[in-house]
Amino acid sequence: QVPLVESGGGLVQAGDSLRLSCAASGRTFNSAAVGWFRQAPGKEREFVTAIRTGPGRTVYADSVKGRFTIIRDSAANMVYLQMTPLKPEDTAVYYCAASSRSYSFDYAYTKDASYDYWGQGTQVTVSS
């Protein structure tokens with residue numbers, strides 16, 4: 001197991017910024033990719049962004065492209081999600097996930113079934 005721990009969520013206003021952190025507790029991020037997903041009340045969990053830990057390629061959902069940035073700090077064994085500007089529709093529980101599987105196509109990491117390990121989630125609430 002590679003326990004993942006998210007932090008950094010909170011209550012902010014529209015237009016504000018937040019940076020979420022994902023730590024691999026006690027282990028190096030020895031995985032093929034790390035992704036962020038989110039789940040809003042009454043909705044299915046959806047893909048936000050992912051980074052392939054080898055080549056460093058990233059993929060983003062259209063809804064966050066240009067506003068969110070995924071950052072990997074190998075030395076600190078952390079992955080971050082920088083979010084700005086936030087919108088009310090970004091309100092959700094955000095989950096960090098790690099995949100041990102190497103896929104040929106980046107698109108594979110937009111699917112939650114591609115991930116083996118999940119964090120407990122951190123709440124982000126954006127008021128209008």
Side-chain angles (χ1 to χ4, degrees):
Q1 285 285 352
V2 182
L4 302 174
V5 181
E6 306 96 334
S7 60
L11 172 62
V12 297
Q13 293 187 327
D16 285 351
S17 302
L18 271 180
R19 187 178 78 161
L20 305 183
S21 300
C22 177
S25 178
R27 291 282 301 273
T28 301
F29 261 123
N30 186 24
S31 56
V34 178
W36 287 94
F37 289 75
R38 67 187 182 185
Q39 187 166 23
K43 294 189 176 180
E44 302 262 328
R45 184 166 58 190
E46 66 173 1
F47 169 75
V48 176
T49 181
I51 185 167
R52 300 192 67 159
T53 50
R57 290 197 304 268
T58 57
V59 59
Y60 292 90
D62 288 343
S63 59
V64 306
K65 204 171 292 183
R67 298 189 300 119
F68 289 12
T69 304
I70 187 168
I71 302 163
R72 177 168 59 95
D73 185 337
S74 299
N77 204 26
M78 299 285 291
V79 172
Y80 303 98
L81 179 62
Q82 182 68 44
M83 307 184 291
T84 185
L86 282 159
K87 301 178 180 180
E89 51 264 42
D90 295 320
T91 295
V93 177
Y94 284 71
Y95 298 92
C96 174
S99 174
S100 61
R101 288 167 269 177
S102 184
Y103 294 102
S104 298
F105 299 102
D106 297 346
Y107 179 77
Y109 297 109
T110 68
K111 306 300 182 184
D112 55 7
S114 298
Y115 292 84
D116 306 292
Y117 311 107
W118 293 82
Q120 82 289 349
T122 185
Q123 176 71 46
V124 172
T125 303
V126 185
S127 64
S128 58

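Predicted model, so just to flag it, every value in this text is computed and none were measured.
Side-chain atoms of Arg38 and Val124, non-hydrogen and from C-beta on, never get closer than 4.5 Å to each other.
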Working note: Thr49 + Phe68, criterion side chain to side chain contact (heavy atoms under 4.5 Å, CB included); need CA distance, chi angles, decisive distance, verdict. CA-CA 8 Å; Thr49 181; Phe68 289 12; 5.6 Å; no
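Side chains of Gln123 and Thr125: a donor on one and an acceptor on the other come within 3.5 Å. Between the side chains of Arg72 and Ser74, at least one donor N or O sits under 3.5 Å from an acceptor N or O.
Atoms CE and CG, from Met83 and Leu18 in turn, are 4.5 Å apart once rounded to the nearest 0.5 Å. We find the CD1-CD distance between Ile71 and Gln82 to be 6.0 Å, quoted to the nearest 0.5 Å. With values rounded to the nearest 0.5 angstrom, Tyr103 atom OH is found 11.0 Å from Thr110 atom OG1. Glu46 CD to Tyr95 OH: the interatomic distance, rounded to the nearest 0.5 Å, is 12.5 Å. A distance of 11.5 Å separates CG in Leu4 from OH in Tyr115, rounded to the nearest 0.5 Å. Rounded to the nearest 0.5 angstrom, Asp16 CG and Thr84 OG1 are separated by 8.0 Å.
Listed here is the closest heavy atom pair of Gln120 and Val5: OE1-CA, 3.8 Å. Ser128 and Ala14 get closest at one heavy-atom pair: CA-CB, 4.3 Å. Tyr109 approaches Ser102 most closely through the heavy-atom pair OH-CA, 3.4 Å. Taking all atoms of both residues into account, the shortest heavy-atom contact from Phe47 to Ala61 is O-CB, 3.5 Å.
Electrostatic pairing of Lys87 and Asp90 does not count as a salt bridge here, judged by no charged N lying under 4.0 Å from a carboxylate O.
Under a 3.5 Å cut-off, the side chain of Tyr60 and the backbone N or O of Ile70 do form a donor-acceptor pair. Distance alone, capped at 3.5 Å, is enough to place a donor-acceptor pair between the Ser99 side chain and the Ser114 backbone. Of the possible polar contacts, one joining the Thr53 side chain to the Ser31 backbone as a donor-acceptor pair under 3.5 Å is found. Under a 3.5 Å cut-off, the side chain of Glu6 and the backbone N or O of Cys96 do form a donor-acceptor pair. A donor-acceptor pair under 3.5 Å links the side-chain atoms of Arg67 to the main chain of Pro85, judged by distance alone. With Asp106 contributing its side chain and Val59 its backbone, the two residues share no donor-acceptor pair below 3.5 Å.
Environment of OH in Tyr107: sparse, with no more than 12 heavy atoms of neighbouring residues, nucleotides or ligands closer than 6.0 Å. For Lys65, the NZ atom is densely surrounded, since the number of other residues' heavy atoms within 6.0 Å is greater than 12.
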